[in-house]
Amino acid sequence: ISTKPILSMRTELLSQLEENGEFETLSIDGTVKIAMSVLGQVPQSSCKDSAAFEDTEHFRKVLSVVGRTGCALALRMIREESAEETCAVLQSVFTRKQLDCVRYVGVDNPSGKLYHDLKKLLPNLAVLYLDVTHLAMDVEKCCGGKRSPASTALRLVMSKFIAFSENAT
């Protein structure tokens, strides 16, 4: 939605979030399921001949960028969850000042390449880490794909780190 009043409201809201420290910590994740029903796209495993447009033009994922308190700062359709495309989305969605506020980034698959690409875009980036949700999921994968006492305890402990309080300083 790109009407003038909506864009103005979006800019104002992002500025308020910036002032309140929302950009200090970002959680970035690509989601496949909600992008599967985009009109004209066939599932990745299907016959490409029946597609309405070329496979290279398909948007396979939705990249979500969530702030410190869990506020959804951005949702963008992407072709792949690469370091380059992630940086391109951040650069197109946020102002230079907002990007300068980012110190911590949580992702589902941290890598040296992603860290170096993000560091060029986010000069104050201090830490790239495996986000809380995927840490517990990795533990569950090791336990046969099921919840275990270890993953339950880990989720409980990790929830303390992402909890937000209005009274906290």
Side-chain angles (χ1 to χ4, degrees), residues 1-39 41 53 56-138 154-169:
I1 303 172
S2 58
T3 63
K4 200 170 190 171
I6 297 291
L7 291 176
S8 174
M9 184 186 300
R10 180 186 176 278
T11 302
E12 185 179 325
L13 286 172
L14 285 174
S15 292
Q16 286 179 337
L17 290 169
E18 176 190 328
E19 289 171 20
N20 293 325
E22 191 70 28
F23 287 88
E24 182 181 21
T25 302
L26 299 181
S27 179
I28 303 171
D29 193 20
T31 306
V32 177
K33 287 183 183 178
I34 58 176
M36 287 185 171
S37 61
V38 174
L39 259 131
Q41 291 193 155
F53 43 91
T56 56
E57 297 173 7
H58 285 215
F59 287 95
R60 298 279 182 206
K61 294 185 175 194
V62 174
L63 189 74
S64 63
V65 181
V66 177
R68 179 177 60 95
T69 65
C71 175
L73 299 171
L75 295 169
R76 289 291 185 266
M77 295 292 294
I78 57 172
R79 289 179 178 80
E80 61 182 0
E81 199 174 350
S82 65
E84 296 83 10
E85 199 150 358
T86 300
C87 289
V89 167
L90 293 175
Q91 193 166 23
S92 70
V93 172
F94 303 122
T95 66
R96 177 76 258 154
K97 191 175 175 190
Q98 291 162 347
L99 294 173
D100 288 345
C101 294
V102 179
R103 297 196 55 212
Y104 313 101
V105 175
V107 295
D108 59 354
N109 191 15
S111 67
K113 178 173 179 20
L114 180 57
Y115 175 79
H116 290 295
D117 287 0
L118 285 173
K119 187 67 176 168
K120 291 176 195 169
L121 181 65
L122 311 170
N124 296 315
L125 180 66
V127 177
L128 176 67
Y129 62 93
L130 179 64
D131 68 22
V132 175
T133 305
H134 289 90
L135 180 59
M137 289 168 62
D138 286 353
L154 179 61
R155 285 181 188 274
L156 180 66
V157 169
M158 297 308 287
S159 70
K160 304 289 185 191
F161 290 106
I162 60 171
F164 178 76
S165 171
E166 289 289 331
N167 302 326
T169 57

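Reckoned from all heavy atoms, side chains included, excluding hydrogens, waters and symmetry mates.
What you find for C71 and L17 is that their closest heavy atoms are SG-CD1, 3.8 Å. When all heavy atoms of E22 and L26 are compared, the closest pair comes out as O-CD2, 4.4 Å. Nearest heavy atom pair, residue M137 against residue R155, reads CG-NH2, 4.1 Å. Taking every heavy atom of both residues into account, S64 and L75 meet most closely at CB-CD2, 3.5 Å. Residue E18 comes nearest to C101 through the heavy atom pair CG-SG, 4.1 Å, listed as atom of the first residue, atom of the second, then distance.
Checking side-chain atoms of S8 against main-chain N and O of K4 turns up no donor-acceptor pair under 3.5 Å. Looking only at distances, no side-chain donor or acceptor of R79 sits under 3.5 Å from a matching main-chain atom of E85.
With rounding to the nearest 0.5 Å, the separation of CG in L63 from CD in E80 is 12.0 Å. To the nearest 0.5 Å, atoms OH (Y129) and OG (S27) are separated by 6.0 Å. Rounding to the nearest 0.5 Å gives a distance of 12.0 Å between OG1 of T25 and CG of D131. With rounding to the nearest 0.5 Å, the separation of CG in L73 from CG in L13 is 10.5 Å. Interatomic distance, CD of Q98 versus CG of D100, reported as 10.0 Å (0.5 Å rounding). In this structure, CD1 in I78 is found 11.5 Å from CD in E84, a value given to the nearest 0.5 Å.
Paired with L14 under the rule side chain to side chain contact (heavy atoms under 4.5 Å, CB included), one option of Q16, R10, E12 passes, and it is R10.
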Show the atom names and distances, to 0.1 Å, of all donor-acceptor pairs under 3.5 Å that link a side chain in residues 86-93 to residues at least two apart or in another chain.
residue, atom, partner, partner atom, Å
T86, OG1, S82, O, 2.8
S92, OG, A88, O, 3.3
S92, OG, V89, O, 3.0

Between side-chain atoms of residues 114-123 and protein atoms elsewhere (two or more places apart, or another chain), which donor-acceptor pairs fall under 3.5 Å?
residue, atom, partner, partner atom, Å
D117, OD2, K113, NZ, 2.9
K119, NZ, P123, O, 3.1
K119, NZ, L125, O, 2.8

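In this structure, E81 and V107 have side chains that are not in contact, with every pair of non-hydrogen atoms separated by 4.5 Å or more. Two residues are said to be in side-chain contact when any heavy atoms from C-beta on lie closer than 4.5 Å; F94 and V102 fail this criterion.
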